[in-house]
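Here the structure is laid out as structure tokens; the discussion comes afterwards.
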Amino acid sequence: MKDTMIGVDLAKNVFQLHAASMTGHLKFRKKLSRPQFREFISAQPPAVLVMEASGSANYWARELTRLGHEVKLIAPQYVKPFVKRQKNDATDAEAIVIAAQRPEMRFVPPKSENQQARAILFRSRERLVNQRTELVNGLRSVLYEFGHTIPQGIGNLSRGNEILEDPNCDLPDLVRQECRDLFELIEEITVRIDAKLKRIKALSTETDTAKRLQTMPGVGPLSALAIEAFAPPLETFNSGRDFAAWLGLVPRQHSSGGKPRLGRMSKAGQPDIRRLLIIGAMSRLSWLGRKSIPKGSWLERMLARKPKMLVAVALANKMARALWAMQTKKENYRDPTQTVAA
């Protein structure tokens with residue numbers, strides 16, 4: 001049994017430590033530089049080290065685990081209520097220990113190097129997509145200032161090229177040159193986005209988890225990669241509803257006095273997975289996807305009486321629960337309608 005818990009307030013160069021016994025009695029406080037921190041922790045007997053799940057936390061979790069310590073990561077919002085009065089590094093480290101010693105506290109599983117690498121690839125593609133959107137909107141605004149309108153969407157970008165190549169184009173030469181530069185930047189970023197998407201599709205065929213997740217309609221390589229990179233092992237959730245709640249796909253509660261009050265979706269948890277699941281659900285509700293919806297099914301009844309976006313969120317909730325069941329049971333997706341018919 002480890003008898004010491006050490007709270008570590010991480011930073012780039014200065015680390016604040018607060019050590020206490022498992023009953024909460026103070027043992028020591030220390031302020032160490034980065035080299036001193038590694039040397040000091042290496043000399044310590046095995047202990048429970050607790051850090052906020054912030055920048056570099058996953059790296060230090062892996063490093064400290066190799067030294068024989070037990071490492072726990074805690075969400076920063078769960079630490080904040082335990083900060084006493086003035087906020088500084090010392091009180092933050094103390095609050096981390098106090099929060100971690102609560103018996104009902106929930107912790108964040110550290111990510112592996114493979115998970116972090118996949119997350120970086122996902123974020124890189126998202127960043128390029130945002131940059132391309134910014135350039136496309138800039139091009140549309142320039143043309144709009146001179147009386148030319150282009151609908152939203154990357155698919156309508158060819159209309160802008162048609163305007164520039166028109167022999168009767170009324171745009172000044174300087175504006176036409178700037179628009180061509182924007183087109184070149186957009187094309188360059190598009191090539192990079194396609195290359196990263198190709199890499200993501202290749203990664204989605206390497207693991208059994210990614211292959212299994214993609215057997216569900218509405219889940220593609222991007223969604224599978226996001227679940228692998230950002231979500232903890234789905235087996236850590238007690239039920240599919242817990243996973244859906246972690247994603248923020250359940251109503252926000254504001255209940256009191258035994259009266260349940262449910263509001264909008266909480267939007268807690270991981271936004272990338274939630275967004276991709278909703279996009280996947282919307283693809284099943286398009287004019288083409290509706291053709292595969294069985295007559296008299298839950299989905300058809302919902303579409304008949306609810307707005308399309310509300311149905312998409314409800315469907316994303318069901319998809320999240322089904323993904324949890326698929327992963328915990330190690331089974332591919334099975335269509336409920338076909339299962340009942342069989």
Side-chain angles (χ1 to χ4, degrees), residues 1-124 127 203 207 225-226 228-233 235-236 269-270 272:
M1 290 289 293
K2 300 177 177 65
D3 60 350
T4 303
M5 178 176 287
I6 303 176
V8 183
D9 184 60
L10 296 173
K12 295 183 179 68
N13 300 311
V14 178
F15 296 76
Q16 182 70 44
L17 276 63
H18 181 98
S21 65
M22 290 304 179
T23 57
H25 296 288
L26 175 66
K27 288 193 172 183
F28 62 81
R29 292 191 180 100
K30 284 187 178 294
K31 185 177 181 180
L32 305 173
S33 65
R34 192 181 188 92
Q36 290 174 339
F37 172 71
R38 189 185 294 271
E39 182 180 353
F40 177 81
I41 292 298
S42 300
Q44 289 295 307
V48 179
L49 272 72
V50 190
M51 302 173 287
E52 288 183 327
S54 56
S56 76
N58 290 293
Y59 164 77
W60 283 113
R62 294 191 296 267
E63 292 293 312
L64 300 177
T65 301
R66 295 190 185 103
L67 297 176
H69 299 288
E70 180 184 351
V71 181
K72 295 182 178 181
L73 302 183
I74 185 171
Q77 60 266 30
Y78 293 159
V79 175
K80 187 176 180 180
F82 298 94
V83 177
K84 298 177 181 177
R85 289 183 176 268
Q86 307 298 328
K87 181 190 180 304
N88 53 54
D89 294 346
T91 55
D92 284 348
E94 181 182 2
I96 291 172
V97 173
I98 297 174
Q101 289 184 340
R102 301 302 93 196
E104 72 280 1
M105 186 54 62
R106 291 175 291 180
F107 298 96
V108 180
K111 288 183 171 59
S112 64
E113 290 183 355
N114 187 44
Q115 277 185 299
Q116 283 194 286
R118 291 169 185 259
I120 289 173
L121 174 61
F122 182 91
R123 294 280 191 229
S124 298
R127 183 169 57 251
L203 287 173
T207 62
L225 180 76
E228 278 194 315
F230 299 116
E235 295 81 4
T236 59
Q270 220 292 322
D272 298 290

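- Residue pairs satisfying the ring-ring contact (aromatic ring centres under 6.0 Å, His included) criterion with at least one member in residues 17-50, sequence neighbours excluded, are listed as follows: Phe15-Phe37, Phe28-Phe40, Phe37-Trp60.
- The environment of CD in Gln77 is crowded: more than 12 heavy-atom neighbours from other residues, nucleotides or ligands sit within 6.0 Å.
- Applying the salt bridge (charged side-chain N to carboxylate O under 4.0 Å, His left out) rule to Arg123 yields the partners Asp272; only residues at least two apart in sequence or on another chain are considered.
- Side-chain contact between Val48 and His69 is absent, with no heavy atoms from C-beta onward closer than 4.5 Å.
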Next on the checklist: As a quick check of understanding, evaluate side-chain contact (heavy atoms from CB on, under 4.5 Å) for Glu228 and Gln115, giving each step before the final call.
Outcome noted: CA-CA 7 Å; Glu228 278 194 315; Gln115 277 185 299; over 6 Å; no
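- Side-chain contact between Met51 and Ile6: absent, with no pair of heavy atoms (C-beta onward) separated by less than 4.5 Å.
- Nearest heavy atoms, Gly7 versus Ala93: O-CB, 3.8 Å.
- Here the side chain of Arg38 pairs no donor or acceptor atom with the backbone of Leu64 at under 3.5 angstrom.
- Considering all non-hydrogen atoms of both residues, Ala99 and Ile74 come closest at CB-CD1, 3.7 Å.
- Residues Val97 and Val50 fail the side-chain proximity criterion, which asks for heavy atoms closer than 4.5 Å.
- In this structure, the side chains of Leu17 and Asp9 stay at 4.5 Å or more apart for every pair of heavy atoms.
- Contact between Pro110 and Leu73 at its shortest, heavy atoms only, is CA-CD1, 3.9 Å.
- In this structure, the side chains of Gln16 and Lys30 stay at 4.5 Å or more apart for every pair of heavy atoms.
- Between Thr4 and Ala47 the shortest heavy-atom distance is O-CB, 3.5 Å.
- Judged as a side-chain contact (heavy atoms from CB on, under 4.5 Å), and not counting sequence neighbours, the contacts of Arg106 are Tyr78.
- The CD atom of Gln101 sits 12.5 Å away from the CD1 atom of Ile96 when rounded to the nearest 0.5 Å.
- Arg34 places a side-chain N or O within donor-acceptor distance of the main-chain N or O of Lys12, the cut-off being under 3.5 Å.
- Between Ala119 and Ala229, the shortest heavy-atom distance links the atoms N-CB, 3.6 Å.
- Considering all non-hydrogen atoms of both residues, Leu10 and Ala57 come closest at CD1-CA, 3.7 Å.
- By the 4.5 Å heavy-atom criterion applied to side chains, Leu49 and Lys72 are not counted as neighbours.
- Taking the charged nitrogens against the carboxylate oxygens, Asp92 and Lys87 do have a contact shorter than 4.0 Å, which makes a salt bridge.
- Judged purely by distance below 3.5 Å, without hydrogens or angles, the side chains of Glu94 and Thr91 never pair a donor atom with an acceptor atom.
- Checked by atom type, the side-chain pair Ser21/Lys27 shows no donor-acceptor distance below 3.5 Å.
- Between Val14 and Leu32 there is no side-chain heavy-atom pair separated by less than 4.5 Å.
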Next on the checklist: Working note: Phe82 + Arg102, criterion side-chain contact (heavy atoms from CB on, under 4.5 Å); need CA distance, chi angles, decisive distance, verdict.
Outcome noted: CA-CA 11 Å; Phe82 298 94; Arg102 301 302 93 196; 3.8 Å; yes
